[in-house]
There are 2 protein chains.
Amino acid sequence: MKNTPEKLNYHHGDLRTTLLRVASEMIKEHGIEALSLRKLAAQVGVSRTAPYHHFKDKNALLCGIAENGFEKLNRINQHGFEETHLSPHERFSRFIHNYIRFASNNAELYELMFGRTIWKDKNSTQELRDCAYPCFQFQVTMTQQWQQQGLLNVDDNALRVSQVLWGTVHGIAKLFIDGIYTDNSKVEEICDYAVNMFLADNKQ
Amino acid sequence: MKNTPEKLNYHHGDLRTTLLRVASEMIKEHGIEALSLRKLAAQVGVSRTAPYHHFKDKNALLCGIAENGFEKLNRINQHGFEETHLSPHERFSRFIHNYIRFASNNAELYELMFGRTIWKDKNSTQELRDCAYPCFQFQVTMTQQWQQQGLLNVDDNALRVSQVLWGTVHGIAKLFIDGIYTDNSKVEEICDYAVNMFLADNKQ
DNA sequence: TTCAATAAGTTGACATTGTCAAGTTAACAT
DNA sequence: ATGTTAACTTGACAATGTCAACTTATTGAA
């Protein structure tokens with residue numbers, strides 16, 4: 001008796017998953033700050049406090065959504081990592097573009113994943129950190145590879161270099177997402193500039 | 001009858017300024033999300049709705065605080081611009097460091113100035129935009145100067161270059177402020193790396 | 001099969017918040 | 001002096017997160 005798609009009798013059957021899915025949709029549609037537990041519960045068709053049997057509090061629910069986001073981003077990164085038939089320069093470029101494209105296409109989710117709501121004041125759950133840290137670590141791994149491939153100075157501290165690189169893509173993404181840069185049609189061009197500015201002296 | 005520092009009889013006398021000052025302190029102390037109009041009013045010693053005679057709503061108050069922040073940042077930028085006795089390379093480096101130092105020392109204010117609360121959904125007031133745009137524009141002006149001084153490629157589109165540069169400092173600042181990078185002792189080192197990575201091929 | 005333990009869901013209640021409406025008080029220009 | 005208006009007040013409301021106490025269904029052991 002677990003095949004009816006949406007609402008069931010008393011016990012929902014798969015409320016946790018449904019909450020995450022619907023909450024993600026609501027966030028994508030109307031933004032993070034517009035998400036209220038009560039509206040979410042209403043939408044799903046349960047009472048306001050039902051979610052508390054699956055998530056400790058609102059923060060835990062947000063962490064759950066972010067987790068899914070990190071898994072998504074990890075898959076994208078992993079996929080790029082495996083495209084060994086492309087030149088290093090091309091893969092570096094794609095990394096930058098892919099990262100910002102992900103942020104652009106999932107603006108509200110990105111905001112949640114890397115925003116203060118979750119990270120400030122140690123709000124993040126352990127499960128979230130388990131998803132997120134590999135994603136952070138991936139930046140460093142990639143940087144080391146680019147150094148070995150001669151794209152970036154091999155004598156530099158890989159962690160520091162990756163922090164600058166990540167800062168750049170994160171900053172550009174944020175300026176768009178938060179509404180400071182408003183002309184979305186220029187994203188790709190800005191990415192190209194970023195690529196060239198970092199690789200300028202290793203190109204020829 | 002306008003010399004008593006804090007609370008007066010019925011008319012406060014200088015409530016608008018006081019609200020901005022106290023609100024700024026509260027934000028600096030406890031973070032943006034902890035600021036409530038009611039607590040603020042209580043702190044200042046007026047009723048909950050008194051602020052509404054000086055600010056249209058909470059958003060307008062936040063914009064007012066941010067305005068002060070932009071004036072502060074504009075002064076720092078202007079000061080750096082005038083240090084013509086330093087080498088271009090040194091001035092570029094100081095610009096990066098000063099920017100991130102400002103963000104670090106005024107974390108919550110910075111969050112407000114460049115955060116989605118204000119810029120998303122066109123929440124910004126006209127007065128705020130009048131303060132903020134010169135600050136944005138300044139980035140481009142500086143970039144053009146660096147190009148002319150040979151620090152950056154003069155053939156590149158100055159706007160795009162400045163967007164990448166600003167993205168970088170903004171991103172690094174945000175990663176620290178939002179609690180993703182947690183080791184504050186490395187800020188300066190990361191800044192140095194940023195400087196070197198952008199100027200690498202123009203250095204020798 | 002029965003039945004107790006427990007997981008899942010419900011209503012009631014409360015404090016906090018932003019904000020509106022309607023009233024009050026003081027300042028100020030005529 | 002007097003009336004207009006700016007500054008401030010209390011009362012009220014809806015939205016929200018979350019706790020406590022209760023109810024209903026599921027499930028695993030007897």
Side-chain angles (χ1 to χ4, degrees), chain A residues 1-4 6-23 26-27 29-65 112 116-118 120-121 123 125, chain B residues 1-23 26-27 29-65 112 115-118 120-121 123 125:
Chain A
M1 208 196 272
K2 277 184 182 176
N3 38 7
T4 0
E6 207 52 85
K7 174 78 184 297
L8 293 179
N9 320 347
Y10 191 89
H11 286 87
H12 183 282
D14 200 12
L15 186 53
R16 197 193 135 94
T17 313
T18 308
L19 285 172
L20 285 175
R21 178 173 49 79
V22 176
M26 290 176 78
I27 281 180
E29 199 72 22
H30 304 104
I32 299 170
E33 34 279 305
L35 176 75
S36 91
L37 283 188
R38 294 168 98 111
K39 274 189 253 163
L40 171 61
Q43 181 88 4
V44 170
V46 294
S47 77
R48 359 179 184 92
T49 55
Y52 285 89
H53 291 270
H54 300 272
F55 299 95
K56 183 179 153 290
D57 53 18
K58 187 178 184 181
N59 181 67
L61 177 99
L62 293 177
C63 286
I65 300 171
L112 189 59
R116 56 164 27 207
T117 322
I118 280 183
K120 195 83 191 179
D121 306 321
N123 283 340
T125 60
Chain B
M1 205 195 274
K2 276 183 182 176
N3 37 8
T4 2
E6 208 51 85
K7 174 76 183 300
L8 293 182
N9 319 348
Y10 191 88
H11 286 87
H12 183 283
D14 199 12
L15 186 53
R16 198 194 133 92
T17 313
T18 308
L19 285 171
L20 285 175
R21 179 172 50 78
V22 176
M26 291 176 76
I27 281 181
E29 199 73 23
H30 305 104
I32 299 170
E33 34 279 308
L35 176 74
S36 92
L37 282 189
R38 294 169 99 112
K39 275 189 252 164
L40 171 61
Q43 180 89 3
V44 170
V46 294
S47 78
R48 351 172 193 107
T49 55
Y52 284 88
H53 292 269
H54 301 272
F55 299 96
K56 184 179 154 288
D57 53 18
K58 185 178 184 180
N59 181 65
L61 176 101
L62 293 177
C63 286
I65 300 172
L112 189 60
R116 57 166 25 209
T117 322
I118 280 183
K120 196 83 190 181
D121 306 321
N123 283 339
T125 60

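The figures that follow rest on heavy atoms only: side chains count, while hydrogens, waters and symmetry mates do not. Computed from a predicted structure; not experimentally measured.
B/Leu15 has its CG atom 15 Å from the C1' atom of C/dA26, to the nearest Å. Rounded to a whole Å, the CG atom of A/Leu61 is 14 Å from the C1' atom of D/dT18. A straight line from NE2 of B/His53 to C1' of D/dC8 spans 6 Å, rounded to a whole angstrom. A/Leu40 has its CG atom 13 Å from the C1' atom of D/dT16, to the nearest Å. Counting to the nearest Å, the C1' atom of D/dT16 and the CD atom of A/Glu33 are 15 Å from each other. To the nearest angstrom, P of D/dT16 lies 9 Å from CE of A/Met26.
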Could you please spell out the steps behind the side chain to side chain contact (heavy atoms under 4.5 Å, CB included) verdict for A/Thr125 and A/Phe55? CA-CA 11 Å; A/Thr125 60; A/Phe55 299 95; over 6 Å; no
For A/Leu61 and A/Leu35: C-alpha separation, side-chain torsions, deciding distance, then whether side chain to side chain contact (heavy atoms under 4.5 Å, CB included) applies. CA-CA 11 Å; A/Leu61 177 99; A/Leu35 176 75; 4.1 Å; yes
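At least one side-chain nitrogen or oxygen of A/His54 sits closer than 4.0 Å to the OP1 or OP2 atom of C/dG9.
Note that the CD atom of A/Gln43 and the OG1 atom of A/Thr18 stand 12.0 Å from one another [nearest 0.5 Å].
No option in A/Leu19, A/Ile118, A/Ile27, A/Ile32 other than A/Ile27 meets the side-chain contact (heavy atoms from CB on, under 4.5 Å) test with A/Ile65.
Checked by atom type and distance alone, the side chain of B/Asp121 never pairs as donor or acceptor with a backbone atom of B/Asn123 at under 3.5 Å.
With salt bridges taken as basic N to acidic carboxylate O contacts below 4.0 Å, none links A/Lys120 and B/Glu33.
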For a quick check, with a 4.0 angstrom heavy-atom cut-off, what is the B/S/- contact string for nucleotides 11-19 of chain C, read 5' to 3'? BBB---BBB
